[in-house]
Amino acid sequence: MKTLFDMASRLEAERQRLNIDYQALAEKTGLTPLSVRSALQGRTAPRITTVMALADQLGLEVVMLPKVVAMGLEAQSEESSPAAALSRVDRLVADTRERAAGPKSAKGGPAE
């Protein structure tokens, strides 16, 4: 993401996808509904702690990358189709969730 608006748009898209209203998100983060709406609409430059709280409640993580890595990711996404890039991200997310869940027992529940 290069701009405040890009970040706000991503957070807003996730809020809409999860069907969470501003009031509920405000209650979960301890922020006011006005500050949530302003941050997600890109009208204000929120504090990093506000962005982190919003991202956390939306199931997202704020990540800082070295610029060279970010440029590499950007170049890679320009070379491949958006669908291919999303598929790769989906695979990474699924793999990470599987690893976090741990091994399953024969009954389908977590192994003890």
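Residue numbers run from 1 in the order of the sequence given.
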All salt bridge (charged side-chain N to carboxylate O under 4.0 Å, His left out) counterparts of R15, not counting sequence neighbours: E12
Non-neighbouring partners of E14 that pass salt bridge (charged side-chain N to carboxylate O under 4.0 Å, His left out), sequence neighbours left out: R10, R17
When the side chains of residues 44-66 are checked against the rest of the protein, which donor-acceptor pairs come out under 3.5 Å, sequence neighbours left out?
none

ILVMFWY network linking L18 to L11, side-chain heavy atoms under 4.5 angstrom: yes
For a quick test of your reading: what N or O donor-acceptor pairs under 3.5 Å do the side chains of residues 24-32 make, sequence neighbours left out?
{"unit_1": "E27", "atom_1": "OE2", "unit_2": "Q23", "atom_2": "NE2", "d": "3.0"}
{"unit_1": "T29", "atom_1": "OG1", "unit_2": "L25", "atom_2": "O", "d": "2.9"}
{"unit_1": "T29", "atom_1": "OG1", "unit_2": "A26", "atom_2": "O", "d": "3.3"}
{"unit_1": "T29", "atom_1": "OG1", "unit_2": "L31", "atom_2": "N", "d": "3.4"}
{"unit_1": "T32", "atom_1": "OG1", "unit_2": "S35", "atom_2": "N", "d": "3.0"}
{"unit_1": "T32", "atom_1": "OG1", "unit_2": "S35", "atom_2": "OG", "d": "3.0"}

